[in-house]
Amino acid sequence: MDLASVRQWTTINTTLPEYPLPSNSERETINTRRLTIRPFNDNRQDLEAIHTLRADPEMMRQNPQRKPDADVEETYQKHFQRFIPPNDTKVLAYAICLTSTGECIGYGGGLGRDGSLGWPEVGYGIRRDLWGQGYATEFLEGFLGIWRRLPRSPVKLTVDASTVHGDGEVKDECVVGITFHDHAASHRVLEKNEFQMCKAWEDKNPYDENKVVRLYGWVARRGNV
C-alpha cells in the first residue's frame with residue numbers, strides 16, 4: 001500500500017463535537033452485546049482497574065510510553081486524573097466493563113480535541129487475558145455511536161491533507177486512530193469499524209527522544225461510523 005509519509009497540512013471548514021465535552025455526570029452509559037460502556041467513577045476501584053492494564057509490560061509495548069507504570073500513583077498522575085473531574089470535559093473517556101459481572105476490563109475513548117493528524121483521536125486498552133475475544137471491536141463500535149450523537153459546531157481546522165474527505169466547502173468530519181506499524185490486532189479492530197489507513201510516518205517516541213517509532217494513521221468519516 002502506497003501511503004504518504006510527508007506531512008502536508010491543509011486548513012478546512014468542518015464540524016467537531018461542541019467543547020467543553022459533557023461531564024461524566026452528564027454522559028450516557030450504553031450496553032453492547034457483552035459490554036457496559038460507562039463514565040469513570042472517581043474511586044479506587046476504577047483507578048486500580050486501569051493500573052492493572054498499565055502495569056502489564058506486554059500491553060504497554062504497544063503504547064507510546066513503551067514501559068509499564070511503576071505504581072498506582074503514576075497511573076493516577078499521568079492518566080487516570082484526565083478521566084475524572086475537573087478534567088473530564090476535555091476528554092471523552094469511558095470505562096469498559098463486562099455486563100455480566102460489572103468488572104472493569106479496560107478503558108477507551110477520544111483523547112483530546114486534536115491529535116497527530118489534526119483530528120480528535122480514538123484509542124482503547126483491554127486487559128491482556130481478554131485479548132482476541134472481540135471486546136476491542138465491540139467497544140469501538142459502541143464508542144463511535146456515542147461520538148456520533150454528540151452535538152456539533154462548525155470549525156476551521158488544520159489537518160493532515162491525507163485525511164480530507166468531501167467535495168463541498170464543508171469537508172466531512174473525521175476521527176483518527178494511530179497505531180504502531182506492527183500491531184496487527186489493532187489494525188483489524190480499526191478496519192472492522194470502517195477506518196481506512198491513510199498515512200505512515202516515523203516520529204520520535206514522546207517518552208524517549210532517542211528512539212524512533214513507525215506509526216500508521218487511520219481515518220473514519222463521521223458518516224461511516
Side-chain angles (χ1 to χ4, degrees), residues 1-12 14-17 21 32 35 37 53 59-66 91-94 96 106-126 128 131-150 152 155 157-167 171-207 212-225:
M1 183 179 297
D2 184 20
L3 298 173
S5 59
V6 178
R7 309 303 295 275
Q8 295 181 334
W9 299 93
T10 185
T11 300
I12 60 172
T14 186
T15 59
L16 281 182
L21 293 163
T32 60
L35 299 175
I37 301 170
L53 275 72
M59 178 171 173
M60 294 300 288
R61 189 178 70 83
Q62 295 296 343
N63 183 281
Q65 184 169 308
R66 291 293 205 184
V91 54
L92 197 70
Y94 284 84
I96 306 171
Y107 64 102
L111 303 180
R113 181 162 186 164
D114 52 33
S116 303
L117 301 181
W119 297 99
E121 291 181 17
V122 296
Y124 58 86
I126 300 291
R128 183 157 57 98
W131 287 2
Q133 299 183 41
Y135 289 121
T137 300
E138 189 173 333
F139 161 74
L140 187 55
E141 181 180 4
F143 172 79
L144 291 173
I146 296 171
W147 185 276
R148 184 176 59 234
R149 292 189 291 273
L150 291 172
R152 255 62 188 183
V155 296
L157 198 65
T158 299
V159 300
D160 190 286
S162 68
T163 65
V164 176
H165 292 271
D167 298 324
K171 305 301 182 183
D172 297 343
E173 181 184 334
C174 295
V175 292
V176 165
I178 307 295
T179 67
F180 290 105
H181 75 283
D182 57 351
H183 199 189
S186 281
H187 301 168
R188 290 192 294 272
V189 169
L190 292 169
E191 288 171 339
K192 290 177 181 178
N193 278 282
E194 306 297 330
F195 282 75
Q196 295 181 331
M197 195 188 301
C198 67
K199 193 88 174 175
W201 73 99
E202 291 185 346
D203 207 346
K204 289 184 177 180
N205 187 317
Y207 292 89
V212 173
V213 293
R214 184 160 179 79
L215 302 172
Y216 284 168
W218 302 75
V219 64
R221 288 176 285 174
R222 183 184 171 210
N224 288 352
V225 298

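Treat the numbers as computed from the prediction; the structure is a model and nothing was measured.
Listed by chain and number, the residues in a ring pair (Phe, Tyr, Trp, His ring centres under 6.0 Å) with Y94 amount to none (sequence neighbours excluded). Residues meeting the side chain to side chain donor-acceptor pair (under 3.5 Å) test with R188, sequence neighbours left out: none. With sequence neighbours left out, the side chain to side chain donor-acceptor pair (under 3.5 Å) criterion links Y124 to S186. Among residues two or more places apart in sequence or in another chain, the salt bridge (charged side-chain N to carboxylate O under 4.0 Å, His left out) test is passed with R152 by E173. Applying the side chain to side chain donor-acceptor pair (under 3.5 Å) criterion to T10, with sequence neighbours excluded, gives no partner residue. Not counting sequence neighbours, the partners of H187 by the ring pair (Phe, Tyr, Trp, His ring centres under 6.0 Å) test are Y216, W218.
The side-chain heavy atoms of L157 and T11, taken from C-beta on, include no pair separated by under 4.5 Å. In this structure, V164 and V159 have side chains that are in contact, with non-hydrogen atoms separated by less than 4.5 Å.
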Start with the C-alpha gap between H165 and V219, add the side-chain angles, then the distance that decides, and say whether side-chain contact (heavy atoms from CB on, under 4.5 Å) holds. CA-CA 10 Å; H165 292 271; V219 64; 4.1 Å; yes

Between L92 and F143, does the side-chain contact (heavy atoms from CB on, under 4.5 Å) criterion hold? Intermediate values first, please. CA-CA 9 Å; L92 197 70; F143 172 79; 3.6 Å; yes

side-chain contact (heavy atoms from CB on, under 4.5 Å), that's the test. Do T32 and E141 meet it? Break it down for me. CA-CA 9 Å; T32 60; E141 181 180 4; over 6 Å; no

Between I12 and T158, is a side-chain contact (heavy atoms from CB on, under 4.5 Å) present by the stated rule, with each step listed? CA-CA 6 Å; I12 60 172; T158 299; over 6 Å; no

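F195 and V122 make their closest contact through CZ-CG2, 3.8 Å (heavy atoms, listed as atom of the first residue, atom of the second, distance). Of all heavy-atom pairs spanning L150 and R222, the tightest one is O-NH2, 4.3 Å. Across all non-hydrogen atoms, the minimal contact from P120 to C174 is CD-O, 4.2 Å. Considering all non-hydrogen atoms of both residues, N193 and T137 come closest at ND2-O, 3.4 Å. Between C198 and L117, the closest heavy-atom pair is SG-CD1, 4.1 Å. Between I178 and V176, the shortest heavy-atom contact is CD1-CG1, 3.6 Å.
Interatomic distance, W119 CH2 to L16 CG, rounded to the nearest 0.5 Å: 6.5 Å. For the atom pair OG1 (T14) and CZ (R221), the distance works out to 12.0 Å, reported to the nearest 0.5 Å. Atoms CD1 and CZ, from I37 and F139 in turn, are 5.5 Å apart once rounded to the nearest 0.5 Å. To the nearest 0.5 angstrom, M197 atom CE is 9.0 Å from L190 atom CG. A distance of 10.5 Å separates CZ of R128 from CG of L53, quoted to the nearest 0.5 Å. The NZ atom of K199 lies 12.0 Å from the CG atom of L215; values are rounded to the nearest 0.5 Å.
Within a 6.0 Å sphere centred on CD of Q196, other residues, nucleotides and ligands contribute 12 heavy atoms or fewer.
Defined by atom type and a distance below 3.5 Å, a donor-acceptor pair is missing between the side-chain atoms of Q8 and S162.
With hydrogens and angles ignored, the 3.5 Å screen pairs a side-chain donor or acceptor of K171 with a backbone N or O of G166.
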